[in-house]
> 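After the structure tokens below, expect a handful of questions from me.
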Amino acid sequence: MLDRKLIRKDPERVRAGIAAKGARFDLDGFLLLDERMRDLLQETEALKHRRNTVSQDISRLKKEGGDVSALLAEMKQTSARIKEIDAELKETEERMQQIELTVPNLPHRTVPPGTCAKDNPVVRESGPIPELPFQPLPHWEIGETLGVLDLDAGAMLSGRGFVVLRGDGARLSRALSALMLDIHRDQGYLEYAVPYLVGREAMVGTGQLPKMEEDMYLCEKDDLFLIPTAEVPLTNLYRGAILDGDLLPIRATALTPCFRREAGSYGQDTRGMIRVHQFDKVEMVRWTTPETSYDDLEVLLGDACAVLDALELPYRVIELCGADLSFSAAKCYDIETWSPGVGRWLEVSSCSNFEDFQARRGGIRFRRGAGARPEFVHTLNGSGLALPRVIATILEMNQTPTGKVRIPKALVPYLGGQEYLEA
RNA sequence: GGAGAGGUGGCCGAGAGGCUGAAGGCAACCGCCUGCUAAGCGGUUGUAGGGGUAAAACUCUACCGAGGGUUCGAAUCCCUCCCUCUCCGCCA
């Protein structure tokens with residue numbers, strides 16, 4: 001949610017920011033509603049003031065035995081009028097809130113302009129991509145041959161886009177999760193285990209609702225959503241809270257499955273484990289102050305890259321241009337790792353600063369000291385990392401001509417000393 | 001799922017139609033005093049929104065779990081919902 005005062009005071013800046021994201025918003029209509037709302041507010045508040053004072057008079061006069069019938073009659077009318085105005089006020093306010101929930105966050109001034117993914121500049125590369133001295137296979141072939149990946153079983157159980165990991169594949173996934181969580185714990189993140197089903201309010205708080213409802217799995221009986229990312233339960237942990245400023249930045253991490261309908265993405269990236277409806281991901285969230293949040297974003301990005309460094313996987317960091325930024329983000333870096341089997345860069349992490357956009361929606365604030373006014377925190381999150389694509393690139397980057405797959409050194413202890421995956 | 005109890009400020013806790021933004025206590029902050037520490041004394045301390053201002057000051061309105069209703073007037077009466085606790089049932 002944007003600051004209503006900002007929309008009021010600097011509509012052109014809002015207009016420009018939304019345009020940079022390639023979104024549309026009837027700003028003028030909103031401003032009209034806002035003006036109407038304030039007119040109504042003033043009228044009803046003046047009437048309420050009158051009612052409050054007259055009510056006192058009535059009480060006093062009654063005690064003195066005076067005649068209050070004229071005042072009662074007047075107040076009856078006044079109250080009726082107040083009721084009318086308040087009804088319209090409520091409706092106006094609700095309409096404004098509905099609109100506000102669909103207005104995207106504004107991009108930070110440093111966000112590169114652009115209209116599509118091609119305009120995302122590469123801002124960092126881990127190093128040269130090692131060339132494999134033979135024709136690399138895609139992970140689904142390696143996985144099926146080793147018996148660690150069973151796509152048919154996934155499709156049979158739940159349909160296309162669901163995968164089954166088997167034996168060392170499942171163990172590799174578990175080992176990766178543990179490694180990632182340990183790395184982030186060392187970086188100062190508190191580990192959580194959170195619900196995978198959340199209420200509407202949580203989804204509105206982080207910005208998935210109302211706009212992205214079609215992409216979410218919903219358990220209708222209980223009106224609970226399957227989380228698309230641990231960002232939702234984690235960020236909402238502090239919904240409505242006023243945090244102690246001295247404790248910022250607060251850091252949290254969690255491993256959860258993520259559920260995404262991926263509506264409308266049929267035909268794209270459908271092979272193997274690249275785009276699936278359910279996948280495990282380790283997520284990091286930071287709550288911080290407005291003045292430090294962009295430093296936090298760089299730290300967060302580094303915290304995510306550290307996982308790829310540990311796994312010895314080549315990667316690059318791209319910065320999303322305006323049009324490619326998600327609804328809630330003000331700035332975002334994607335980390336991509338190289339998949340020699342698919343011949344493409346695969347996104348394994350997205351690190352974003354939401355500034356106070358989510359904090360406004362969820363009412364997450366902090367106080368700089370005793371007696372200071374509460375201010376909205378800035379929230380950030382980043383994947384650290386999404387598992388399936390990491391598993392895919394490990395299989396592909398570490399494949400050998402004999403069909404074995406070398407396990408990255410950092411993972412070996414998590415697999416009981418095992419150094420290779422083999423059939 | 002059934003039965004009961006309850007949700008009031010940072011916390012505890014009174015209030016049972018008007019004099020209550022809310023007693024009392026605790027905590028925090030500021031000042032005084034005490035040669036340390038503790039105690040003591042005085043004062044201050046909620047949130048949101050509107051108006052106002054260069055910014056303040058100031059001012060109005062709302063807020064006692066949420067939403068409706070009754071009334072000139074609701075923390076207080078009525079209805080609905082949510083949450084917490086206790087007991088019973090069911091279940092990994």
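Sequence lines set the chain letters: A, B, ... in the order given, protein chains first and strands last, and positions in each chain run from 1.
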> Looking across every strand, which nucleic acid part, if any, lies under 4.0 Å from A/Arg365 by heavy atom: base, sugar-phosphate, or nothing?
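A/Arg365: backbone/sugar contact only, no base atoms under 4.0 Å.
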> Can you tell me if A/Lys83 touches the phosphate of B/rC72, counting only side-chain N or O atoms and a distance under 4.0 Å to OP1 or OP2?
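No.
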> So, A/Tyr189 and A/Arg286: side-chain donor and acceptor under 3.5 Å apart, yes or no?
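Indeed, the side chains of A/Tyr189 and A/Arg286 share at least one donor-acceptor pair under 3.5 Å.
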> Atom NZ of A/Lys5 and atom P of B/rA48: how far apart are they, to the nearest Å?
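In whole Å, B/rA48 P and A/Lys5 NZ are 9 Å from each other.
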> Taking only the C1' atom of each, what is the distance from B/rG10 to B/rU47 in whole angstrom?
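The same atom, C1', in both gives a distance of 13 Å.
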> For the C1' atoms, the ones on B/rA75 and on B/rU20, what distance do you get once it is rounded to whole angstrom?
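Between the two C1' atoms, the distance is 9 Å.
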> Taking only the C1' atom of each, what is the distance from B/rG13 to B/rG18 in whole angstrom?
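The answer is 24 Å between these two C1' atoms.
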> Can you tell me which nucleotide in B/rG51, B/rG46, B/rA48 comes closest to the side chain of A/Gln42?
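The answer is B/rG51.
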> Pairing check on B/rU86: which nucleotide meets the Watson-Crick or G-U wobble criteria with it, both distances under 3.5 Å?
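For B/rU86, the partner nucleotide comes out as B/rA3, under the 3.5 Å rule.
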> Specify the separation, in whole Å, of atom CD of A/Glu201 and atom P of B/rG65.
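It is 17 Å, rounded to the nearest whole Å.
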> Just how far, in rounded Å, is P of B/rG67 from CG of A/Leu89?
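Between P of B/rG67 and CG of A/Leu89: 14 Å.
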> Take A/Gln187 and A/Arg251, measure what side-chain contact (heavy atoms from CB on, under 4.5 Å) needs, and give me the verdict at the end.
CA-CA 9 Å; A/Gln187 290 163 342; A/Arg251 286 155 285 185; over 6 Å; no
> Given atom CZ of A/Phe376 and atom P of B/rU47, what is their separation to the nearest angstrom?
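Rounding to the nearest Å, CZ of A/Phe376 and P of B/rU47 are 13 Å apart.
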> Can you check the distance between B/rG73 and B/rA14, where both ends of the measurement are the C1' atom (answer in whole Å)?
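One C1' to the other, the span is 23 Å.
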> For B/rA48, does either OP1 or OP2 sit under 4.0 Å from a side-chain N or O belonging to A/Arg373?
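So the side chain of A/Arg373 is within the cut-off, an N or O lying under 4.0 Å from OP1 or OP2 of B/rA48.
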> Report the base-pairing partner of B/rA57 (Watson-Crick or G-U wobble, both distances below 3.5 angstrom), or none.
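Partner of B/rA57: none found under 3.5 Å.
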> On RNA chain B, does the nearest nucleotide to A/Thr53 precede the nearest nucleotide to A/Ser79 from the 5' side, or the other way round? Give the residue.
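Taking each residue's closest nucleotide, the earlier one in sequence belongs to A/Thr53.
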> Please give the nucleotide sitting opposite B/rA23 as a Watson-Crick or G-U wobble pair, both distances under 3.5 Å, or none.
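The base-pairing partner of B/rA23, which may sit in any strand shown, does not exist here.
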> What nucleic acid atoms does A/Arg8 come within less than 4.0 Å of, heavy atoms only: base, sugar-phosphate, or nothing?
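Result for A/Arg8 = sugar-phosphate.
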> Across all strands shown, which nucleotide pairs with B/rU44 by Watson-Crick or G-U wobble geometry, both distances under 3.5 Å?
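B/rU44 is paired with B/rA28.
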> Say we look at B/rA48 and B/rG21: how far apart would their C1' atoms be, to the nearest angstrom?
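The answer is 14 Å between these two C1' atoms.
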> Write down the distance between CZ (A/Arg239) and P (B/rC83), rounded to a whole number of angstrom.
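In whole Å, B/rC83 P and A/Arg239 CZ are 13 Å from each other.
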> Atom CG of A/Leu41 to atom P of B/rC63: distance rounded to whole Å?
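So the two atoms are 13 Å apart, to the nearest Å.
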> Is any side-chain N or O of A/Lys48 closer than 4.0 Å to OP1 or OP2 of B/rU61?
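The answer is no; no side-chain N or O of A/Lys48 sits under 4.0 Å from OP1 or OP2.
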> Is the phosphate of B/rU61, meaning OP1 or OP2, less than 4.0 Å from a side-chain N or O of A/Asn52?
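Yes, such a contact exists.
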> Verify the distance criterion only: is there a donor paired with an acceptor across the side chains of A/Gln97 and A/Glu93 at less than 3.5 Å?
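Per modelled atom types, A/Gln97 and A/Glu93 side chains form a pair under 3.5 Å.
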> Students often get this wrong, so: under 4.0 angstrom with heavy atoms, is A/Arg367 touching a base, only sugar-phosphate, or nothing?
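If one applies the 4.0 Å heavy-atom cut-off, A/Arg367 turns out to touch the sugar-phosphate alone, with no base involved.
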> Between B/rA62 and B/rG6, how many Å separate the two P atoms, rounded to a whole number?
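The answer is 29 Å between these two P atoms.
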> Closer to the 5' end of RNA chain B via nearest nucleotide, is it A/Arg51 or A/Ala372?
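Residue closer to the 5' terminus by nearest nucleotide: A/Ala372.
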> A/Leu72 CG to B/rG17 P: how many Å, rounded?
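The distance from CG of A/Leu72 to P of B/rG17 comes to 19 Å, rounded to the nearest Å.
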> Under 4.0 Å between a Lys/Arg side-chain N and an Asp/Glu carboxylate O for A/Asp57 and A/Arg60?
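Yes, A/Asp57 and A/Arg60 are salt-bridged.
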> Any side-chain donor paired with an acceptor under 3.5 Å for A/Ser350 and A/Asp334?
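Note: A/Ser350 and A/Asp334 side chains meet the donor-acceptor criterion.
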> Measure the CE-CG distance between A/Met37 and A/Leu89 for me, rounded to the nearest 0.5 Å.
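Answer rounded to 0.5 Å: 7.0 Å.
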> Please report the distance separating the P of B/rA66 from the corresponding atom of B/rU76, rounded so that it comes out in whole Å.
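Nearest-Å result for B/rA66 against B/rU76 at atom P: 11 Å.
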> Is B/rU76 paired to anything, Watson-Crick or G-U wobble with both distances less than 3.5 Å, and if yes, which nucleotide?
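Answer to the pairing question: none, since B/rU76 forms no Watson-Crick or G-U pair.
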> Tell me which nucleotide, if any, is Watson-Crick or G-U wobble paired with B/rU71 when both distances must be under 3.5 Å.
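Partner of B/rU71: none found under 3.5 Å.
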> Output the rounded distance in Å from CD (A/Glu45) to P (B/rA48).
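To the nearest whole Å, that distance equals 16 Å.
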> Could you check whether A/Asp3 pairs with A/Lys9 (Lys NZ or Arg NE/NH1/NH2 to Asp/Glu carboxylate O, under 4.0 Å)?
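Salt bridge between A/Asp3 and A/Lys9, a charged N being under 4.0 Å from a carboxylate O: no.
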> Expressed as a whole number of Å, how far does the P atom of B/rC33 sit from that of B/rG65?
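44 Å, rounded to whole Å.
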> When you get a sec, tell me which of B/rC72, B/rG68, B/rC19 is the closest nucleotide to the side chain of A/Met75?
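Between B/rC72, B/rG68, B/rC19, the one nearest the side chain of A/Met75 would be B/rC72.
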> Step through it carefully: locate the ring centre of A/Phe357, locate the ring centre of A/Phe327, and say whether they are under 6.0 Å apart.
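Yes, they do, as the ring centres are separated by less than 6.0 Å.
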> Checking base pairs now: Watson-Crick or wobble, both atom distances under 3.5 Å. What partners B/rG35?
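Here B/rG35 is not engaged in any pair, so there is no nucleotide opposite it.
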> Would you classify A/Arg60 as touching base, sugar-phosphate or nothing, given that sugar-phosphate means primed atoms plus P, OP1 and OP2, and contacts are heavy atoms under 4.0 Å?
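The residue A/Arg60 makes no contact with any strand.
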> Using OP1 and OP2 only, check whether a side-chain N or O of A/His49 sits under 4.0 Å from B/rC60.
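So the side-chain polar atoms of A/His49 never come under 4.0 Å of the phosphate oxygens OP1 or OP2 of B/rC60.
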